Amino acid sequence: MQGPDLTGSILEGRYRIFGRLGVGGMGAVYRGEHVLLGIPVAVKVLLPKFAHDSEWTHRFLLEARAASQIRHPNIVQIRDFGAPHAGLVYMVMELLEGESLAGLAKREGPLPWRRVARLSEQVAEALAAAHARGIIHRDIKPANIFRLAAPEEPDVIKVLDFGIAIPRRQRRRCR
C-alpha cells in the first residue's frame, strides 16, 4: 500500500511537494521545497496504514528525534516534524542527491577494496557519532547508506533511516 500521492500539495503551508522519490516499508519520501525559504528538502511521510496507529506514529517520532540529535556530516539531517491531523505524519530532511550503496553495488558490481575502506570509514564515523549520543542504529545495510553525487568529492556518505534505532537507555526494556 503506497497511500495517496501528495505531489502538488503544500504541507501545513510550509512545504511544497514536487514528486515522490521512493516508497519504503513504513513511508514514502518526496522531493519538496520550503515555501518561504526556497530550500530543497526531502519529506518522509508515514504511510496511511501506519499513520492512524499511535504506536507507529510514536516510532516515527522516535526516528526523527534519534536522527535529529546527532550532528555529523555523515548522517542525514532532520529539519522538521509534523503531525497536523490524524493520518498525516511527516518529517523533513535535507535533500540528498545521489544513490544508495545498494544502487551503487548493483550498478558497478564489486568495488575496489580501497574505495570500500573509505566508504566504510565514513559509516563507522557516523555510527560512532550516533553511539556517542546513546543511539544504536540497528538497521545498517547498503540501502540505508547513501552516496552523495558531488563531483568534487564523489564518495561522501550519509547514513539514513533511523526507524528502528533505540536510544541506549531504552535498549534493556526492548529486549
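All values reported here derive from a predicted model rather than from experimental measurement.
Connection of Ile157 to Val116 is established within a shared hydrophobic cluster, with ILVMFWY side chains joined at heavy-atom distances below 4.5 Å, either directly or through further cluster members. Linking ILVMFWY side-chain heavy atoms closer than 4.5 Å, directly or via other members, places Val35 and Ile17 in two distinct hydrophobic clusters. Residues Leu104 and Val123 fall within the same hydrophobic cluster, defined by Ile, Leu, Val, Met, Phe, Trp and Tyr side chains chained together at heavy-atom separations under 4.5 Å. Under the 4.5 Å side-chain heavy-atom criterion for ILVMFWY residues, a single connected hydrophobic cluster contains both Ile78 and Leu61. A single hydrophobic cluster is not seen to contain both Ile10 and Val41; linkage of ILVMFWY side chains at heavy-atom distances under 4.5 Å, directly or through other members, places them apart.
Contact detail for Phe146 and Glu97: the closest heavy-atom pair is CE2-C, 3.7 Å. In terms of heavy atoms, Ala143 sits closest to Ala102 at N-CB, 3.9 Å. For Pro142 against Ser100, the heavy-atom pair with the smallest separation is O-CB, 3.7 Å. Of all heavy-atom pairs spanning Gly19 and Thr7, the tightest one is CA-OG1, 3.4 Å. Here the closest heavy-atom approach between residue Gly82 and residue Glu12 is recorded as CA-OE1, 4.0 Å. The minimum heavy-atom distance linking Leu47 with Gly24 is given by the pair CD1-O, 3.9 Å.
The one candidate from Met91, Glu63, Arg59, Met26 that meets the side-chain contact (heavy atoms from CB on, under 4.5 Å) condition with Leu46 is Met26.
Distance check: Ile75 CD1 to Arg71 CZ gives 10.5 Å after rounding to the nearest 0.5 Å. Taking CZ of Phe60 as the reference point, atom CZ of Arg65 lies at 13.5 Å (rounded to 0.5 Å). Going from atom NE2 of His58 over to atom CG of Leu62 covers 4.0 Å, rounded to the nearest 0.5 Å. A distance of 7.5 Å separates OH of Tyr30 from OG of Ser9, quoted to the nearest 0.5 Å. The OG atom of Ser120 sits 11.0 Å away from atom CD of Glu125, with the distance rounded to the nearest 0.5 Å. Interatomic distance, CG of Leu119 versus CD1 of Ile145, reported as 8.5 Å (0.5 Å rounding).
Between the side chain of Glu108 and the main chain of Lys106, no donor-acceptor pair closer than 3.5 Å is present. Distance alone, capped at 3.5 Å, is enough to place a donor-acceptor pair between the Gln122 side chain and the Asp155 backbone. Not a single donor-acceptor pair under 3.5 Å links the side chain of Glu33 to the backbone N or O of Arg16. Of the possible donor and acceptor atoms, none in the side chain of Tyr15 sits under 3.5 Å from a partner among the backbone N and O of Val92. The closest donor-acceptor contact from the side chain of His137 to the backbone of Asp161 lies under 3.5 Å. One N or O on the side chain of His34 and one on the backbone of Leu37 form a donor-acceptor pair closer than 3.5 Å. Here the side chain of Lys158 pairs no donor or acceptor atom with the backbone of Leu96 at under 3.5 angstrom.
By the 4.5 Å heavy-atom criterion applied to side chains, Val89 and Phe50 are not counted as neighbours. Side-chain atoms of Leu88 and Val45, non-hydrogen and from C-beta on, do get closer than 4.5 Å to each other. Put simply, the side chain of Leu11 does not reach to within 4.5 Å of the side chain of Arg14, judged on heavy atoms. Between Gln77 and Met93 there is no side-chain heavy-atom pair separated by less than 4.5 Å. Counting heavy atoms from C-beta on, the side chains of Ile135 and Ile70 come closer than 4.5 Å.
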Side chain to side chain contact (heavy atoms under 4.5 Å, CB included) between Leu95 and Leu21, worked out: CA-CA 10 Å; Leu95 179 64; Leu21 295 171; 3.9 Å; yes
Please evaluate residues Val159 and Val76 with respect to the criterion side chain to side chain contact (heavy atoms under 4.5 Å, CB included), reporting the C-alpha separation (whole Å), side-chain torsions for both, the decisive distance (0.1 Å), and the verdict. CA-CA 6 Å; Val159 174; Val76 67; over 6 Å; no
Does the pair Arg147 and Val156 meet the rule for a side chain to side chain contact (heavy atoms under 4.5 Å, CB included), with working shown? CA-CA 6 Å; Arg147 180 183 154 270; Val156 173; over 6 Å; no
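Under the 3.5 Å distance criterion, with hydrogens and angles disregarded, no donor-acceptor pair is assigned to the side chains of Asp80 and Tyr90.
No more than 12 heavy-atom neighbours from other residues, nucleotides or ligands sit within 6.0 angstrom of CZ on Arg114.
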